[in-house]
Amino acid sequence: MTEILVDQMGMSAEQVVPEADLRSDLGLDSLDTLELLTVLEEQMGISISEEVVRQWTTVQDVLDFAAATPAPAGSGSA
């Protein structure tokens, strides 16, 4: 998941540490957050509510969400 912030959001790997605050440390604004949401939805094959995204404050919050969210049925490789 940190690769998304580095690759898609144009951040350096040194910035994207678990304790980094998405807004104050990484500078994500509402448009960046929407872009992150869209990329995560595509990568994970799920729909993520804006309510969930509003609760994310750190990179670790995003990592925890991704780890706790199972892939949808039928999305695995055969």
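The shortest heavy-atom contact between Leu28 and Met11 is CD1-CE, 2.8 Å. Between Asp32 and Met9, the shortest heavy-atom contact is O-CE, 3.2 Å. Heavy-atom minimum distance, Val6 versus Val16: CG2-CG2, 3.9 Å. Annotation for Ala66 and Met44: closest pair CA-CE, 3.8 Å, computed over non-hydrogen atoms. Taking all atoms of both residues into account, the shortest heavy-atom contact from Thr57 to Arg23 is CA-NH1, 3.9 Å.
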* Apply side chain to side chain contact (heavy atoms under 4.5 Å, CB included) to the pair Thr58 and Asp25, showing each step before the final yes or no. => CA-CA 9 Å; Thr58 65; Asp25 294 333; over 6 Å; no
* Please report the C-alpha distance between Val59 and Glu19 in whole Å, then the side-chain angles of each, then the deciding distance to 0.1 Å, and finally whether the side chain to side chain contact (heavy atoms under 4.5 Å, CB included) criterion is met. => CA-CA 6 Å; Val59 170; Glu19 63 274 7; over 6 Å; no
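The structure places CG of Leu22 at 7.0 Å from CG of Leu36, a figure rounded to the nearest 0.5 Å. The CG atom of Asp29 sits 9.5 Å away from the CD atom of Glu35 when rounded to the nearest 0.5 Å. To the nearest 0.5 Å, atom OG1 of residue Thr69 and atom CD1 of residue Ile48 are 7.0 Å apart. Atom OG of residue Ser49 and atom CG of residue Leu37 lie 8.5 Å apart, to the nearest 0.5 angstrom. Interatomic distance, Leu26 CG to Leu5 CG, rounded to the nearest 0.5 Å: 6.5 Å.
Grouping the Ile, Leu, Val, Met, Phe, Trp and Tyr side chains by contacts below 4.5 angstrom, directly or via other members, places Val52 with Leu63.
In this structure the side chain of Glu42 reaches within 4.5 angstrom of the side chain of Thr38, judged on heavy atoms. Under the 4.5 Å side-chain criterion, counting only non-hydrogen atoms from C-beta, Ile4 is in contact with Gln43.
The local environment of CD in Gln55 is crowded, with over 12 non-hydrogen atoms from other residues, nucleotides or ligands closer than 6.0 Å.
Judged as a side-chain contact (heavy atoms from CB on, under 4.5 Å), and not counting sequence neighbours, Ser30 has no contacts. The salt bridge (charged side-chain N to carboxylate O under 4.0 Å, His left out) test applied to Glu51 returns Arg54, not counting sequence neighbours.
Residue pairs meeting the ring-ring contact (aromatic ring centres under 6.0 Å, His included) criterion with at least one partner in residues 32-72, sequence neighbours excluded, are Trp56-Phe65.
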